[in-house]
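Each remark here refers to the structure printed beneath this line.
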There are 2 protein chains.
Amino acid sequence: MRLEHNKHSDAREQLLVAAQALFAEAGVAATTPRQVLERSGIGQGSLYHHFPSKRDLARAAVERTAQEQLQVAERGFIGDQPPRERIRAYLLRDRDALAGCRIGRLTSDQAVMSDASLLEPVEGYFSGLIDLLGGALEESGIPRDRAQDRAAAIVSVVQGGYVLARATGDPERMRSAVRGMAELLERQQHDQ
Amino acid sequence: MRLEHNKHSDAREQLLVAAQALFAEAGVAATTPRQVLERSGIGQGSLYHHFPSKRDLARAAVERTAQEQLQVAERGFIGDQPPRERIRAYLLRDRDALAGCRIGRLTSDQAVMSDASLLEPVEGYFSGLIDLLGGALEESGIPRDRAQDRAAAIVSVVQGGYVLARATGDPERMRSAVRGMAELLERQQHDQ
DNA sequence: GTCTATAGAAAGATAGAC
DNA sequence: GTCTATCTTTCTATAGAC
């Protein structure tokens with residue numbers, strides 16, 4: 001691996017970026033190699049040189065997107081706010097509701113669900129998220145088991161919020177759902 | 001429309017049932033007419049006789065599945081239990097977590113999201129669900145706006161629970177999420 | 001209403017020159 | 001490493017006989 005290459009100018013990198021964007025928009029199964037070529041401006045020969053099959057391209061793109069998205073969540077957690085505030089901030093973060101979750105939507109994607117190597121980063125993303133939220137909940141004094149359940153519920157409200165927003169075409173539906181959850185959590189502060 | 005036909009023996013009906021099952025398993029876009037033929041045992045000529053295009057078949061199948069699934073939820077709400085119990089029962093109902101929601105998963109389906117007539121039943125399903133839960137919450141004394149938000153949160157936890165279960169391959173993840181939500185709701189009983 | 005045969009387009013992938 | 005041309009398979013749909 002040569003140093004001093006600007007990776008963003010490599011054909012491989014451009015293919016990857018285009019694939020990530022297309023997978024976010026339409027999913028893996030519904031994205032064709034041809035679309036990746038058109039979006040990236042790279043030629044067919046290069047695609048199959050760098051990625052012997054669509055599966056290989058998908059693996060690289062999904063892995064990277066999962067890491068990126070987990071990092072986004074983690075960055076919101078390195079602050080010095082109290083755990084309840086960090087959780088609240090995660091829940092109420094501004095999201096592109098109608099776009100859906102780049103990772104969560106892959107659980108309805110045939111290409112992903114039928115390929116363990118594509119599903120693995122998806123699992124890693126959600127395990128990471130739940131660990132992050134579960135840890136904060138424990139910090140705030142909630143016993144481990146209950147913290148795990150509550151973390152799963154919080155992550156689920158966000159995922160389900162995306163579903164509601166897309167189903168109704170209304171981003172407000174997602175905001176309504178996370179607001180409902182935030183309100184429930186807030187009330188917990190009174191009686192622990 | 002002639003009476004006294006056993007609809008379940010008609011080719012049209014068998015095609016519809018096969019399509020519903022396949023759409024539940026793989027989604028609309030990923031299901032081919034050929035698969036519907038094989039599953040139903042009906043011939044190609046009959047398919048295109050009853051449904052001029054895949055889109056027409058999808059419309060009929062999705063509409064019916066959405067109605068069926070909403071009825072399942074409604075049946076759980078006609079009992080004479082107090083509203084909090086009905087909500088709790090909805091949340092903790094036994095579900096095939098790894099299969100995903102037949103309707104919710106369609107929000108990641110290209111064929112559905114790009115066709116208003118396919119999306120409409122999906123929207124109807126979720127609007128119906130939220131109305132059902134929101135009504136019960138209002139009955140239990142929660143003001144309208146807050147009841148809507150909380151209903152959206154409850155529906156979202158279920159939808160997100162499916163996502164978590166499929167992402168991790170573990171149905172327990174969904175149970176954990178709904179348990180976390182049920183526990184939060186239970187605690188609300190103490191201070192309103 | 002149902003059948004078999006087939007059309008036309010797009011999918012994923014390969015070949016072989018440069 | 002990249003290009004253009006091409007192959008094979010599968011998809012959605014139609015044709016036309018019965």
Side-chain angles (χ1 to χ4, degrees), chain A residues 1-20 22-23 25-62 106 109-115 117-118, chain B residues 1-23 25-62 109-115 117-118:
Chain A
M1 199 144 57
R2 209 91 54 72
L3 296 178
E4 313 315 342
H5 257 106
N6 180 354
K7 293 217 169 173
H8 287 275
S9 64
D10 292 345
R12 188 190 148 90
E13 176 66 17
Q14 291 178 259
L15 288 163
L16 219 34
V17 168
Q20 284 185 277
L22 287 162
F23 292 166
E25 291 167 24
V28 177
T31 296
T32 70
R34 175 179 286 253
Q35 289 175 300
V36 177
L37 297 179
E38 281 164 5
R39 175 80 59 113
S40 64
I42 304 294
Q44 191 154 15
S46 298
L47 200 174
Y48 285 99
H49 173 72
H50 291 292
F51 303 100
S53 75
K54 178 183 170 180
R55 200 183 169 191
D56 294 288
L57 173 61
R59 224 184 301 248
V62 169
L106 298 180
D109 192 311
Q110 276 279 278
V112 173
M113 294 305 287
S114 65
D115 184 335
S117 70
L118 285 180
Chain B
M1 198 145 55
R2 207 91 55 70
L3 296 177
E4 312 315 344
H5 257 109
N6 181 352
K7 292 215 169 177
H8 287 275
S9 66
D10 292 344
R12 187 191 148 89
E13 176 65 18
Q14 291 179 259
L15 287 163
L16 218 34
V17 168
Q20 285 185 277
L22 287 162
F23 293 166
E25 291 167 23
V28 176
T31 296
T32 71
R34 174 181 288 253
Q35 289 175 300
V36 176
L37 298 179
E38 281 164 5
R39 176 80 59 115
S40 64
I42 303 293
Q44 191 154 13
S46 298
L47 199 175
Y48 285 99
H49 173 73
H50 291 292
F51 303 100
S53 73
K54 178 183 170 179
R55 200 183 168 191
D56 294 289
L57 173 61
R59 223 183 303 248
V62 169
D109 192 310
Q110 276 278 275
V112 173
M113 294 305 287
S114 64
D115 185 335
S117 70
L118 285 179

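A, B, ... follow the sequence lines: proteins, then strands. Residue 1 opens every chain. Predicted model only: the values in this text are computed from it and were never measured.
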- Item | Pairing residues for A/D56 by the side chain to side chain donor-acceptor pair (under 3.5 Å) criterion, not counting sequence neighbours | A/S53
- Got a sec? Which of residues 43-52 of chain A come in under 4.0 Å of DNA chain D, heavy atoms? A/G43, A/Q44, A/G45, A/S46, A/H49, A/H50
- Item | Smallest separation among heavy atoms of B/R59 and B/D115, with atom names | NH1-OD1, 4.4 Å
- Report the residues that fulfil salt bridge (Lys or Arg N to Asp or Glu O under 4.0 Å) with B/E25, sequence neighbours left out, ordered by chain and then residue number. B/R39
- A/D56 CG to C/dT14 P, straight-line distance once rounded to whole Å: 11 Å
- Closest approach of A/F23 and A/V28, non-hydrogen atoms and distance? CD2-CA, 3.7 Å
- Item | Minimum side-chain heavy-atom gap B/Y48-B/P33 below 4.5 Å | yes
- On DNA chain D, which is the earliest and which the latest nucleotide, 5' to 3', with an atom closer than 4.0 Å to a heavy atom of chain B? D/dC11 to D/dT14
- Message: Taking salt bridge (Lys or Arg N to Asp or Glu O under 4.0 Å) as the definition, give me every residue that meets it alongside B/R34, ordered by chain and number, with sequence neighbours left out.
- Response: none
- Message: Contact list please: residues 33-42 of chain A against DNA chain C, heavy atoms, distance less than 4.0 Å, in numerical order.
- Response: A/P33, A/R34
- Note on the structure: Closest non-hydrogen atoms of A/A26 and A/T31, given as atom of the first, atom of the second and distance, are CB-OG1, 4.1 Å
- Does B/D109 use its side chain to pair, donor to acceptor, with the backbone of B/A111 at less than 3.5 Å? yes
- In a check of side chain to side chain contact (heavy atoms under 4.5 Å, CB included) between B/V36 and each of B/L57, B/V17, B/I42, which one passes? B/L57
- Look at the side chain of B/Q35 and the backbone N and O of B/T32, then say whether any donor-acceptor pair between them is shorter than 3.5 Å. yes
